[in-house]
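No hydrogens, no waters, no symmetry mates; every other heavy atom, side chains included, goes into these values.
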Amino acid sequence: MEAAFDDFAVFEDYFPSMIQRLGSDGFMGELCNGFALLMDVNKGVITFESLKRNTVFLGLEDLRDDEIVCMLLEGDLDGDGVLNQMEFCILMFRLSPGIMDGSERWMEEMGVITF
C-alpha cells in the first residue's frame, strides 16, 4: 500500500503566504508575471505551444501533450483553446486550496467583494 503514495507529488500552497507578504496588489502582480512568463508573446495568451515550451521553467518537462491540453482545458472558460490573463488568474485561484478555503476573507481583502 505504501508504494502507491510514492507516485504522488507533495504540493505546498504558497499563495496564502504570498498574499500576506506581498499584499493583494503585489500578489496579483506576481500572478501577472507568471502569466507573462508562460504566454506566447506574439498572441498575448497562453497557448499549447507556449505552455509546452515553458514546462522546463516549471520543472514539468516530462509532461505529455495530453496533460498539457488538460491543463489548458481546465482554465479555458470561453472555449477558445488558450488562456487569457483573466482565465489564468482565475485558474490559479481555483487551484489554490489555501485561497479557496479562505476565499471570502481573501476576496474581501483584495477588494473584490465585501461581506
(request) Could you check if a side-chain atom of Asp76 sits within less than 4.5 angstrom of a side-chain atom of Asp78, using non-hydrogen atoms only? (result) yes
(request) Examine distances only and state if a side-chain atom of Arg94 and a backbone atom of Glu74 form a donor-acceptor pair shorter than 3.5 Å. (result) yes
(request) Determine, using the 4.5 Å side-chain heavy-atom cutoff (strictly less than), whether Phe57 and Ile46 are members of one ILVMFWY cluster. (result) no
(request) Kindly indicate whether the side chain of Asn84, heavy atoms from C-beta on, has any atom under 4.5 Å from the side chain of Glu87. (result) yes
(message) Testing the basics here: between Arg53 and Asp40, what is the closest heavy-atom pair and its distance to 0.1 Å?
(response) NH2-CA, 4.4 Å
(message) Starting from Met18, can I reach Leu58 by hopping between I/L/V/M/F/W/Y residues whose side chains sit under 4.5 Å apart?
(response) yes
(request) Identify the two heavy atoms, one from Ile68 and one from Phe48, that lie closest to each other, and give their separation to 0.1 Å. (result) CG2-CD1, 3.5 Å
(request) Run through Leu51, Leu72, Val45 and flag the one making a side-chain contact (heavy atoms from CB on, under 4.5 Å) with Val82. (result) Val45
(message) Can you tell me how the ring of Phe35 sits relative to the ring of Phe88, calling it parallel under 30°, perpendicular over 60° and tilted otherwise?
(response) tilted
(request) Tell me whether Leu73 is reachable from Leu63 by hopping between hydrophobic residues (I, L, V, M, F, W, Y) whose side-chain heavy atoms are closer than 4.5 Å. (result) yes
(message) Using the rule that Ile, Leu, Val, Met, Phe, Trp and Tyr join whenever any side-chain heavy atoms are under 4.5 Å apart, tell me whether Met86 and Leu77 fall into a single cluster.
(response) yes
(request) Would you mind reporting whether Leu60 and Glu67 have side-chain heavy atoms less than 4.5 Å apart? (result) no
(request) Report the distance from atom CG of Leu38 to atom OG of Ser50, rounding to the nearest 0.5 Å. (result) 7.0 Å
(message) Is there a side-chain contact between Met39 and Gln85 in this structure, where contact means two heavy atoms from C-beta onward sitting under 4.5 Å apart?
(response) no
(request) To the nearest 0.5 angstrom, please state how far the CD atom of Glu30 sits from the CZ atom of Arg21. (result) 8.0 Å
